[in-house]
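Each remark here refers to the structure printed beneath this line.
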Amino acid sequence: GAEGIGLSRTEHMFFDPERIIHMREMILAEDEDQRRSALDRLLPYQRQDFAELFTIMDGLPITIRLLDPPLNEFLPHTQEDMAEVAKAAGTSLKAIKNRLAELDESNPMLGHRGCRLGITYPEIYEMQARAIFEACAEVDKAGTAVKPEIMIPLVSVKAEFDILKDLIDRVAEDVRAETGVNFEYMTGTMIELPRACLLAGEIAERAEFFSFGTNDLTQTTYGFCRDDIGHFLDIYHKKGVLPEDPFVSIDRSGVGELVRIGAERGRAVRPDLKMGICGEHGGDPASVAFCQEVGLDYVSCSPFRVPIARLAAAQVALQEAGTGDSPDRNNKD
């Protein structure tokens with residue numbers, strides 16, 4: 001019963017055995033020309049994925065996140081795998097190890113990922129934007145209406161968004177001229193850092209939608225690592241420090257307040273700004289109620305939590321109807 005896809009993670013498309021070798025060639029490339037050559041080989045795969053996705057969804061909204069994880073996640077880490085990649089890429093085992101060392105980071109979640117990749121290697125986002133728009137043109141000619149929502153991840157500085165939106169718009173114009181199809185699209189961002197919430201008004205000057213990424217926003221607000229909080233969460237529960245896991249149910253007073261600030265400041269600049277939440281909080285009934293309170297348009301969550309989210313959204317709507325409060329927005333999945 002979901003009414004769209006709130007987060008299409010494009011990085012998952014690269015792990016197929018036929019594609020990962022080209023992704024690794026791109027990462028191991030010594031200059032931009034070599035990177036573009038590898039990306040040219042990835043383009044048809046991405047275009048086909050998006051065309052099939054658009055056809056299946058048949059007009060339902062789809063939010064497509066451009067490449068987000070650090071590049072070292074795509075490289076091999078065992079001696080055997082490294083030797084295999086070196087052979088396939090026509091390079092040495094030493095070169096593979098050197099590149100892994102270059103990409104190694106103390107804290108990858110706060111490192112060279114998200115829009116920072118697009119700023120550093122714009123050709124990556126160019127390829128992805130072209131794949132999306134060429135797929136738009138393809139399905140449009142086949143009679144399927146589509147308006148993808150292209151998400152730039154991890155923005156914290158307006159200039160990051162501006163630079164990458166200009167890139168996306170330029171690619172869109174190129175594909176329109178090449179195909180003769182005047183497709184539509186939206187460009188927005190994942191609001192997942194405290195600074196982005198505080199400066200949401202600036203970002204909304206050009207962003208057409210916000211998706212609040214509350215998983216990362218919780219990490220960066222508390223300074224908790226989502227993967228490590230389990231080591232002390234039980235003790236925090238027993239001692240009354242935390243009443244519940246902040247990664248399961250949204251922390252209204254801290255993380256929630258940042259979401260509220262971001263929503264208010266974004267809509268103050270762009271009243272029609274589309275806003276939603278993305279992450280496991282989208283399937284938590286208490287968090288769904290909070291989303292309605294702050295005026296979000298939809299919630300996005302893991303597929304298995306869709307029934308819970310829909311029920312929670314319906315209950316909130318009924319409660320508001322019972323109090324005579326008639327909201328002009330509804331949470332949906």
Side-chain angles (χ1 to χ4, degrees), residues 7-11 13-14 22-40 42-43 46 63-75 99-100 102-133 148-175 185-213 216-217 219-220 262 266 278:
L7 182 64
S8 175
R9 296 174 170 90
T10 56
E11 59 268 15
M13 302 174 178
F14 294 126
H22 302 309
M23 187 65 177
R24 287 168 172 170
E25 287 172 351
M26 187 275 295
I27 297 169
L28 295 169
E30 296 179 358
D31 55 42
E32 182 180 332
D33 288 341
Q34 289 184 5
R35 283 195 298 273
R36 287 189 179 276
S37 179
L39 289 166
D40 285 344
L42 282 170
L43 174 62
Q46 284 251 287
T63 303
I64 301 169
R65 185 177 68 186
L66 300 180
L67 189 66
D68 182 48
L71 294 180
N72 62 358
E73 289 194 12
F74 300 96
L75 290 179
R99 187 62 173 141
L100 276 169
E102 289 173 4
L103 293 173
D104 185 52
E105 295 177 309
S106 299
N107 191 340
M109 291 305 296
L110 297 179
H112 196 184
R113 54 168 285 228
C115 65
R116 300 159 193 172
L117 291 172
I119 298 291
T120 310
Y121 306 117
E123 53 273 15
I124 297 176
Y125 279 15
E126 282 181 23
M127 181 279 287
Q128 293 196 291
R130 174 167 284 276
I132 292 167
F133 295 138
E149 300 172 10
I150 301 174
M151 176 194 286
I152 300 171
L154 212 70
V155 165
S156 62
V157 182
K158 180 176 182 287
E160 293 172 324
F161 186 86
D162 290 345
I163 290 169
L164 295 173
K165 185 177 188 327
D166 288 342
L167 179 153
I168 291 166
D169 290 345
R170 174 173 52 78
V171 175
E173 287 306 308
D174 289 345
V175 175
Y185 65 97
M186 295 171 64
T187 308
T189 186
M190 179 92 82
I191 301 289
E192 50 195 322
L193 297 171
R195 191 177 196 277
C197 294
L198 297 175
L199 299 179
E202 286 186 11
I203 297 171
E205 290 173 9
R206 298 194 67 196
E208 296 168 283
F209 70 87
F210 284 172
S211 178
F212 288 92
D216 270 2
L217 187 58
Q219 289 196 112
T220 52
C278 179

Using atom types as modelled, flag every donor-acceptor pair under 3.5 Å from a side chain in residues 187-195 to any protein atom, sequence neighbours excluded.
{"from": "Thr189", "atom 1": "OG1", "to": "Ile152", "atom 2": "O", "distance (Å)": "2.7"}
{"from": "Glu192", "atom 1": "OE2", "to": "Leu154", "atom 2": "N", "distance (Å)": "2.7"}
{"from": "Arg195", "atom 1": "NH1", "to": "Ser156", "atom 2": "O", "distance (Å)": "2.7"}

Which pair of heavy atoms, one from [X] and one from [Y], lies closest together, and at what distance?
{"X": "Val155", "Y": "Ala196", "result": "O-CB, 3.3 Å"}
{"X": "Gly114", "Y": "Tyr125", "result": "O-OH, 3.0 Å"}
{"X": "Ala200", "Y": "Phe210", "result": "O-CZ, 3.5 Å"}
{"X": "Cys278", "Y": "Ser211", "result": "CB-OG, 3.2 Å"}

Which pairs count as side-chain hydrogen bond (donor to acceptor under 3.5 Å, both in side chains) when at least one residue sits in residues 63-73, sequence neighbours excluded?
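side-chain hydrogen bond (donor to acceptor under 3.5 Å, both in side chains) check on residues 63-73 returns Glu11-Arg65, Thr63-Glu149, Asp68-Arg113.
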
Going by side-chain hydrogen bond (donor to acceptor under 3.5 Å, both in side chains), name the pairs with one or both residues in residues 161-171, residues two or more places apart or in two chains.
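Checked against side-chain hydrogen bond (donor to acceptor under 3.5 Å, both in side chains) - neighbours excluded - the pairs reaching residues 161-171 are Glu126-Arg170, Lys158-Asp162, Lys165-Asp169, Asp166-Arg206, Asp169-Tyr185.
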
List the residues meeting side-chain hydrogen bond (donor to acceptor under 3.5 Å, both in side chains) with Arg130, not counting sequence neighbours, and say none if there are none.
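For Arg130, the residues satisfying side-chain hydrogen bond (donor to acceptor under 3.5 Å, both in side chains) (neighbours in sequence not counted) are Glu134, Glu178.
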
For Thr120, the side-chain hydrogen bond (donor to acceptor under 3.5 Å, both in side chains) test, sequence neighbours excluded, returns His112

Any heavy-atom pair between the side chains of Met186 and Pro148 that's under 4.5 Å?
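No, their side chains stay 4.5 Å or more apart.
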
Step-by-step side-chain contact (heavy atoms from CB on, under 4.5 Å) determination, Ile150 to Phe209
CA-CA 9 Å; Ile150 301 174; Phe209 70 87; 5.7 Å; no

Strictly by modelled atom types, are Thr10 and Gln128 linked by a side-chain donor-acceptor pair under 3.5 Å?
yes

Donor-acceptor pairs under 3.5 Å, side chain of residues 25-32 to any protein atom, not counting sequence neighbours: which ones?
{"from": "Glu25", "atom 1": "OE1", "to": "His22", "atom 2": "ND1", "distance (Å)": "3.4"}
{"from": "Glu25", "atom 1": "OE1", "to": "Arg41", "atom 2": "NE", "distance (Å)": "3.4"}
{"from": "Glu25", "atom 1": "OE1", "to": "Arg41", "atom 2": "NH2", "distance (Å)": "3.0"}
{"from": "Asp31", "atom 1": "OD1", "to": "Asp33", "atom 2": "N", "distance (Å)": "3.2"}
{"from": "Asp31", "atom 1": "OD1", "to": "Gln34", "atom 2": "N", "distance (Å)": "2.8"}
{"from": "Glu32", "atom 1": "OE2", "to": "Arg36", "atom 2": "NE", "distance (Å)": "2.8"}
{"from": "Glu32", "atom 1": "OE2", "to": "Arg36", "atom 2": "NH2", "distance (Å)": "3.2"}

Between atom [atom1] of [X] and atom [atom2] of [Y], what is the distance when rounded to the nearest 0.5 Å?
{"X": "Met109", "Y": "Asp216", "atom1": "CE", "atom2": "CG", "result": "4.0 Å"}
{"X": "Leu66", "Y": "Leu167", "atom1": "CG", "atom2": "CG", "result": "9.0 Å"}
{"X": "Phe14", "Y": "Gln46", "atom1": "CZ", "atom2": "CD", "result": "4.0 Å"}
{"X": "Leu100", "Y": "Leu75", "atom1": "CG", "atom2": "CG", "result": "5.0 Å"}

Decide side-chain contact (heavy atoms from CB on, under 4.5 Å) for Met151 and Leu7; before the verdict, give the C-alpha distance in whole Å, the side-chain angles of both, and the deciding distance to 0.1 Å.
CA-CA 9 Å; Met151 176 194 286; Leu7 182 64; 4.1 Å; yes

Test log, rule side-chain contact (heavy atoms from CB on, under 4.5 Å), inputs Ile203 and Glu160
CA-CA 10 Å; Ile203 297 171; Glu160 293 172 324; over 6 Å; no

